[in-house]
There are 2 protein chains.
Amino acid sequence: MEQESHYGGHGTTRPGGRTARVRSAVLRAAGDALAELGFAGLDLADVARRAGVGRTTVYRRWATPTGLVADLLTEMAEESLPRAETGSLLGDLRANARLVRRTLTDPRQGPLFKAVIAAATCDAATADALRRFYATRIAEWAPCVEQAVERGELPAGTDPHEVVRAVSAPLYYRLLASGDPLDEATADRAAEAAAAAAAAGIYVVRT
Amino acid sequence: MEQESHYGGHGTTRPGGRTARVRSAVLRAAGDALAELGFAGLDLADVARRAGVGRTTVYRRWATPTGLVADLLTEMAEESLPRAETGSLLGDLRANARLVRRTLTDPRQGPLFKAVIAAATCDAATADALRRFYATRIAEWAPCVEQAVERGELPAGTDPHEVVRAVSAPLYYRLLASGDPLDEATADRAAEAAAAAAAAGIYVVRT
DNA sequence: CCCCTAACGGGATCGCGGTTCCATTAAGCT
DNA sequence: AGCTTAATGGAACCGCGATCCCGTTAGGGG
């Protein structure tokens with residue numbers, strides 16, 4: 001959700017130099033604040049202070065906490081983590097599960113993801129940005145499943161995206177709902193469960 | 001999280017009649033407000049108005065939005081939905097998945113659950129109340145898995161709670177993160193995937 | 001049935017987050 | 001390099017949500 005939309009209009013817009021510097025400083029500060037205080041504690045004035053930027057600027061460009069989070073999400077979607085290539089479906093899914101687990105248990109990233117998801121439940125535009133974020137992340141890893149189909153490990157017609165989602169789902173469920181510990185054994189189990197269900201043909205698209 | 005803890009102390013506490021009536025009116029109003037406006041829009045003064053109760057009372061007894069949500073969660077944990085008894089693991093899990101799906105897509109309950117989870121990410125006490133809520137819900141359905149083990153449908157040593165969680169996880173993942181549609185086919189797939197993974201022995205506790 | 005006081009409710013008050021105004025800085029075009 | 005104006009930043013302002021104060025209502029023991 002580009003908040004810049006109301007820039008320009010008659011004159012020319014200036015995304016260069018200072019503006020970009022302010023934007024990245026504010027987004028980094030917003031990430032810090034979210035990780036520390038959660039979404040409920042996100043105060044635009046505080047973000048401005050952390051970023052070393054005028055309060056007015058932050059209110060003008062992002063207006064609301066959810067607007068700021070939405071912009072942060074579009075930036076997060078751009079930096080992609082490359083997928084693994086272990087040669088087997090289970091190996092690839094396990095690598096993915098461990099990566100997700102490491103992210104969600106990271107002292108900064110974990111609280112940040114919680115906060116971002118909380119923000120998305122409060123605002124449609126933010127929810128859309130979150131949806132796009134996960135769509136790109138999932139698409140990044142889908143080829144692992146496609147290769148497994150080509151290798152004959154999985155039945156033809158298996159939905160790759162659904163398999164990758166199935167790996168993440170239990171980890172996010174623990175993070176957000178059950179609150180159970182998120183250890184490596186849990187991550188491995190998530191990968192094994194997704195692989196077993198996929199092998200059983202559960203994710204074959206029915207026509 | 002009982003907010004009543006600072007009541008009494010020297011005199012006697014009075015949970016009867018009026019107090020209980022106020023509490024349930026406020027909790028119902030809080031549920032309505034959360035479902036309509038989300039956690040970010042939860043205003044204690046507004047809740048008081050909806051409940052036909054003085055602002056001061058709400059501020060005194062619950063103090064913060066998260067405190068109110070925490071109390072609401074303990075009440076929600078008390079009303080339990082009974083589990084199904086279809087005679088087969090897959091039948092029971094499918095019944096559970098469909099029940100969860102119906103709840104999450106309900107025009108009132110769905111937004112309410114989103115809001116409650118958002119609140120839990122902002123406050124430790126609320127997160128604990130949410131954890132307890134899901135623990136009771138999961139425990140309610142665990143016997144389905146135990147019976148399946150007794151019937152010989154699943155290997156001995158299968159962790160019942162883990163199987164039940166595996167059914168809910170993909171549905172919550174869609175609700176909160178991916179934003180993909182939550183239709184009945186998805187619910188059935190969640191049940192089938194959990195059953196397949198359980199049958200493959202993924203949820204057997206390793207000693 | 002009466003009294004004591006826990007608990008509630010209305011109104012006044014206070015503080016802080018959000019907005020507006022205008023001077024200052026620096027992109028970007030010629 | 002110089003000019004135009006997009007964009008920033010400080011400071012004053014303002015409105016609304018949270019708190020405080022105190023009179024009123026009603027639970028529950030004697």
Side-chain angles (χ1 to χ4, degrees), chain A residues 2-30 33-34 36-71 119 122-123, chain B residues 2-30 33-34 36-71 119 122-123:
Chain A
E2 289 298 316
Q3 240 45 30
E4 273 79 348
S5 44
H6 49 71
Y7 273 19
H10 33 73
T12 54
T13 143
R14 292 178 187 174
R18 184 170 59 163
T19 297
R21 201 155 45 247
V22 165
R23 188 180 113 111
S24 71
V26 168
L27 292 185
R28 176 159 43 254
L34 284 174
E36 272 179 44
L37 309 165
F39 174 63
L42 187 64
D43 173 29
L44 297 210
D46 177 53
V47 170
R49 206 174 313 121
R50 289 168 185 256
V53 157
R55 297 186 276 290
T56 316
T57 302
V58 177
Y59 281 112
R60 195 171 20 229
R61 285 186 62 177
W62 290 280
T64 73
T66 56
L68 184 52
V69 173
D71 199 18
C122 301
D123 177 72
Chain B
E2 290 299 314
Q3 242 40 33
E4 273 77 347
S5 45
H6 49 70
Y7 272 21
H10 31 72
T12 54
T13 147
R14 292 179 189 174
R18 183 169 60 164
T19 298
R21 203 155 46 247
V22 165
R23 188 180 112 114
S24 71
V26 168
L27 292 185
R28 176 160 44 255
L34 284 174
E36 273 179 42
L37 310 165
F39 174 64
L42 186 65
D43 173 31
L44 296 213
D46 177 53
V47 170
R49 205 175 314 120
R50 288 167 185 257
V53 156
R55 298 183 272 292
T56 317
T57 302
V58 177
Y59 282 112
R60 197 173 16 230
R61 285 186 62 179
W62 292 280
T64 73
T66 57
L68 185 52
V69 173
D71 200 18
C122 300
D123 176 71

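Proteins come first, then strands; the chains are lettered A, B, ... in the order of their sequence lines, and each starts at number 1. What you see is a predicted model, and the numbers here were worked out from it, not measured in a lab.
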- Record whether the side chain of A:Arg18 comes under 3.5 Å of the base of D:dT8 through a donor-acceptor pair of N or O atoms. no

- Euclidean distance, atom CZ of residue B:Arg21 to atom C1' of C:dG9 [Å, nearest integer]: 15 Å

- Message: Before you tell me yes or no, could you show the steps for A:Asp71 and A:Arg23 under salt bridge (Lys or Arg N to Asp or Glu O under 4.0 Å), namely the whole-Å CA-CA distance, both residues' side-chain angles and the distance that decides it to 0.1 Å?
- Response: CA-CA 10 Å; A:Asp71 199 18; A:Arg23 188 180 113 111; 2.6 Å; yes

- Heavy-atom count around A:Arg55 CZ within 6.0 Å, excluding the residue itself: above 12? no

- A:Tyr59 vs C:dG18: side-chain N/O to OP1/OP2 distance below 4.0 Å: yes

- Query: How close or far is atom C1' of C:dG18 from atom CZ of A:Arg49, stated in whole angstroms?
  - Reply: 14 Å

- Message: Please determine whether a side-chain nitrogen or oxygen atom of A:Thr56 lies at a distance below 4.0 Å from atom OP1 or OP2 of D:dG9.
- Response: no

- Query: Is any side-chain N or O of B:Arg60 closer than 4.0 Å to OP1 or OP2 of C:dG9?
  - Reply: no

- Query: Rounded to the nearest Å, what distance is computed from the CZ atom of residue A:Arg55 to the P atom of nucleotide C:dC21?
  - Reply: 17 Å

- Kindly point out which of C:dG9, D:dT8, C:dC8 is positioned nearest to the side chain of B:Val53? C:dG9

- Item | Atom pair distance, as rounded to whole Å: CG in A:Asp43 and C1' in C:dC16 | 9 Å

- Message: Without decimals, in angstroms, what is the distance between A:Leu44 CG and D:dG9 P?
- Response: 15 Å

- Item | Whole-Å gap separating P (C:dA26) and CZ (A:Arg23) | 21 Å

- Report yes if some heavy atom in the side chain of B:Val26 is under 4.5 Å from a heavy atom in the side chain of B:Trp62; otherwise report no. yes

- Side chain proximity check, B:Val22 to B:Val58, heavy atoms < 4.5 angstrom: no

